[in-house]
Amino acid sequence: MDTGRFIPSRAFIEEEALQYSLGEVIRRRLLTLKVPVRVMKHGQRPEVTGRNPTQVYAESKKTLVVRVRKEKEFSSCKPSAHYQLPLATSCPGLCEYCYLQTRLGSRPYLRVYANIEEILAEAGRLIAEREPEITVFEGAATSDPLATEHITGSLRRSIDFFGAIPQARFRFVTKFADVEPILGARHEGRTTVRFSVNANHVIRAYEHSTGTLEQRLDALGRVNRDGYPVGVMIGPVMTFDGWKEEYRGLLDRLSLTIGESPAGLPVEIITHRFTSRAKDNILSVFPASSLPMQEEDRRLVYGQFGYTKYVYSKETMGEVRDFFLEEVARRLPGARIEYLV
Ligand code: SF4
């Protein structure tokens with residue numbers, strides 16, 4: 001089955017990255033994929049050109065940079081995990097609503113790291129520090145690490161690494177579907193693979209260059225059969241004409257994919273929201289976007305970190321909440337809604 005495997009248009013490798021065995025492995029893989037590769041100095045910016053912000057953004061997303069990650073510290077990742085595991089930054093997807101747009105700026109080229117063993121050594125140190133408590137790492141806080149896995153292998157290496165440590169847990173979420181490279185890894189049930197899915201209407205209108213819904217569901221079935229704990233993230237939920245029918249259909253397809261849903265299947269549900277800054281960024285990159293971002297239709301609330309965001313009205317939120325509580329219980333019995341915001 002076609003999984004929409006990502007092939008960069010160009011790649012830049014830092015000189016220092018080639019001193020790591022993974023740097024050399026990545027270089028060879030890129031050449032096999034016929035990707036033009038240039039070597040550059042540490043800190044140099046890759047050349048990405050385009051006639052307007054839309055083109056620069058799209059070309060950046062097709063540009064891979066292989067670096068040595070110098071910062072030793074991991075960012076915290078509350079409340080879902082203790083730490084972010086820095087496997088990659090950015091992703092080749094072009095989702096119009098992407099939460100990373102505000103964070104990564106106008107040139108969100110993909111960065112992967114050759115010094116994976118040093119990164120995992122730091123993860124091991126952090127785990128030891130918290131023993132005998134469990135330490136949870138999130139692998140998708142700044143990227144979609146599955147998208148570049150066929151080039152780096154870093155995700156599988158991390159899954160094996162955490163699989164060998166009883167006090168470690170690892171989780172990541174993806175909108176991609178090329179799970180072949182992680183099947184058969186020694187996960188020992190310590191890695192949870194979550195798939196981000198949505199109504200087909202939302203995927204077709206606003207998600208570009210990601211796996212299709214069919215591909216993601218197929219991939220979910222495969223990792224589930226491979227014994228991985230799995231999870232589902234539904235979002236951003238939007239209330240377009242016919243939304244209930246479409247989300248019911250999605251839940252039915254999820255139920256068909258994973259059969260008797262594993263007891264406690266974690267389900268995360270996030271409604272669509274936006275900040276003024278995100279809206280400006282989105283419209284500079286996707287000027288014709290039809291994302292529902294009319295402030296007058298929304299309620300302004302203060303976010304966790306002091307900024308304001310526009311969310312659905314209390315009435316709509318209540319309707320969405322009632323709908324999912326009822327339909328998830330009916331169509332995915334045994335599932336556990338971790339949050340519905
Ligand atoms: Fe952003 Fe995820 Fe879409 Fe990538 S797949 S563009 S990280 S929302």
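Treat the numbers as computed from the prediction; the structure is a model and nothing was measured. Just follow the structure's listing: the first ligand is 1, and inside any ligand the first atom is 1.
Only protein N, O or S atoms were considered, and those under 2.8 Å from atom 4 (Fe) of ligand 1 are C91 SG.
The backbone N or O of P46 lies less than 3.5 Å from no partner atom in the side chain of R38, so there is not a single donor-acceptor pair.
Of all atoms in ligand 1, numbered sequentially from 1 with element shown, those under 4.0 Å from a heavy atom of K61 are 6 (S).
Both the sub-6.0 Å distance and the 45° axial angle are not jointly satisfied by R111 relative to the ring of Y113.
Heavy atoms of Q101 come nearer than 4.0 angstrom to ligand 1 in no pair at all.
Residues satisfying the ring-ring contact (aromatic ring centres under 6.0 Å, His included) test with F323, not counting sequence neighbours, are W243.
The shortest distance between side-chain heavy atoms of V193 and F172 falls below 4.5 Å.
Hydrophobic clustering, with ILVMFWY side chains joined whenever heavy atoms are under 4.5 angstrom apart, groups I7 together with L30. F74 is connected to F162 through a chain of hydrophobic side-chain contacts under 4.5 Å among Ile, Leu, Val, Met, Phe, Trp and Tyr, so both are in one cluster.
The aromatic rings of H201 and Y206 stand perpendicular to each other, their planes meeting at an angle above 60°, with 30° marking the opposite boundary.
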